[in-house]
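What follows is a short report on a single structure.
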2 protein chains.
Amino acid sequence: MFKALADATRRAILDELQDRDGQSLFELCTRLTMRHGLGSTRQAVSQHLEVLEEAGLVTVRREGRYKFHHLDTRPLRQIAVRWPVPDEGESS
Amino acid sequence: MFKALADATRRAILDELQDRDGQSLFELCTRLTMRHGLGSTRQAVSQHLEVLEEAGLVTVRREGRYKFHHLDTRPLRQIAVRWPVPDEGESS
DNA sequence: TTGACATGCAAGTGAGCACTTGCCTATACA
DNA sequence: TGTATAGGCAAGTGCTCACTTGCATGTCAA
């Protein structure tokens with residue numbers, strides 16, 4: 001999971017899925033290019049999605065010839081559990 | 001910072017510093033070998049500490065010929081901010 | 001069935017990264 | 001001053017990883 005977060009393109013994919021959940025592969029490719037300025041090919045994005053899926057950060061729902069991707073941030077919780085961050089006086 | 005977390009040895013260093021803060025380089029080498037079964041040389045650990053330092057996860061305090069390392073988990077907060085994790089019904 | 005669209009599979013390539021190796025600097029102690 | 005200890009610097013090596021390339025599979029509409 002930590003290795004999955006190590007790549008900037010994969011983090012952009014997570015951002016994109018957070019902004020609009022359930023995107024297909026082509027949809028992600030388009031929006032990554034448009035909004036993040038990333039010139040990633042379809043295959044590259046597909047491989048990134050595989051990594052994110054293995055990390056449990058993205059789940060997949062197949063529907064006909066489409067494959068929709070959903071964000072699952074729950075694996076990130078173990079980071080906060082493993083290395084707790086002290087409060088920094090923000091009580092608002 | 002994400003790349004710094006991507007390596008298992010570096011994560012073990014963070015664990016070790018959390019268990020006992022302010023360790024020197026040799027101290028970390030010894031304890032990594034003893035407690036984590038990692039056969040890392042001094043140079044390897046030193047390079048890992050450089051990466052962790054650049055990521056802001058480890059701060060350094062020099063004292064004579066020793067160099068003590070301290071854990072700083074605050075950079076990890078941006079992960080929780082960027083991809084919030086929904087509560088999972090634990091109200092305790 | 002045929003053609004267009006969405007995705008999958010797999011080998012190959014280049015760059016980055018973890019690690020080693022060898023030597024050097026600096027501090028403490030006799 | 002000499003020696004041992006703690007750490008630093010830098011070139012080299014092997015492996016991993018991101019990405020490409022080319023073709024194959026599967027789904028939908030006409």
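Chain letters run A, B, ... following the sequence lines, proteins first, then strands; residues in each count from 1.
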* To do: Would you kindly give the CG-to-P distance between D7(B) and dC19(C), to the nearest whole Å?
  => 6 Å

* Asked: Taking OP1 and OP2 of dT20(D), is either one under 4.0 Å from a side-chain nitrogen or oxygen of T41(A)?
  -> yes

* Calculate the interatomic distance between E63(B) atom CD and dT27(C) atom P; express it in whole Å. => 13 Å

* Looking at the side chain of Q43(A), which of dT21(D), dT7(C), dC19(D) is the nearest nucleotide? -> dT21(D)

* K3(A) with D7(B): basic N within carboxylate O range, under 4.0 Å -> no

* R62(A) side-chain N/O to dG8(C) phosphate OP1/OP2 under 4.0 Å -> yes

* Asked: Given atom CZ of F2(A) and atom P of dC17(D), what is their separation to the nearest angstrom?
  -> 16 Å

* To do: Quickly work out the K3(B) NZ to dA18(C) P distance and round it to whole Å.
  => 9 Å

* Asked: Are more than 12 heavy atoms from other residues, nucleotides or ligands located less than 6.0 Å from atom CZ of R74(B)?
  -> no

* Respond yes when some side-chain nitrogen or oxygen of S46(B) is under 4.0 Å from OP1 or OP2 of dG8(D), and no when none is. => yes

* To do: Map F26(A) and A6(B) onto DNA chain C by nearest heavy atom, then report which one ends up closer to the 5' terminus.
  => F26(A)

* Please state how far atom NZ in K67(A) lies from atom C1' in dT25(D), giving the value in whole angstrom units. => 14 Å

* Roughly, in whole Å, what's the span from CD in Q47(B) to C1' in dG7(D)? -> 13 Å

* To do: With heavy atoms under 4.0 Å as the rule, sort S40(A) into base, sugar-phosphate or nothing.
  => nothing

* Any chance you could lay out the side-chain contact (heavy atoms from CB on, under 4.5 Å) test for R82(B) and R11(A), step after step, and finish with the verdict? => CA-CA 10 Å; R82(B) 186 165 177 181; R11(A) 294 196 295 273; 3.6 Å; yes

* To do: Using only heavy-atom distances, decide whether a donor-acceptor pair under 3.5 angstrom links the side-chain of R65(A) to the base of dC5(C).
  => yes

* **Rounded distance (nearest 0.5 Å) linking atom CD1 of I13(A) with atom CD of Q18(A)** => 14.0 Å

* First encountered from the 5' end of DNA chain D, between R10(A) and F68(B) -> F68(B)

* Structure fact -> Separation of dC17(C) atom C1' from L5(B) atom CG, nearest Å, is 16 Å

* Asked: Between dG16(C) atom P and H48(B) atom NE2, what is the distance in whole Å?
  -> 19 Å

* Do the side chains of L17(B) and Y66(B) join up, straight or via other hydrophobic residues, at under 4.5 Å, putting them in one cluster? -> no

* **Candidate nucleotides dT20(C), dT7(C), dG22(D), ranked by approach to the side chain of Y66(A) - the nearest** => dT7(C)

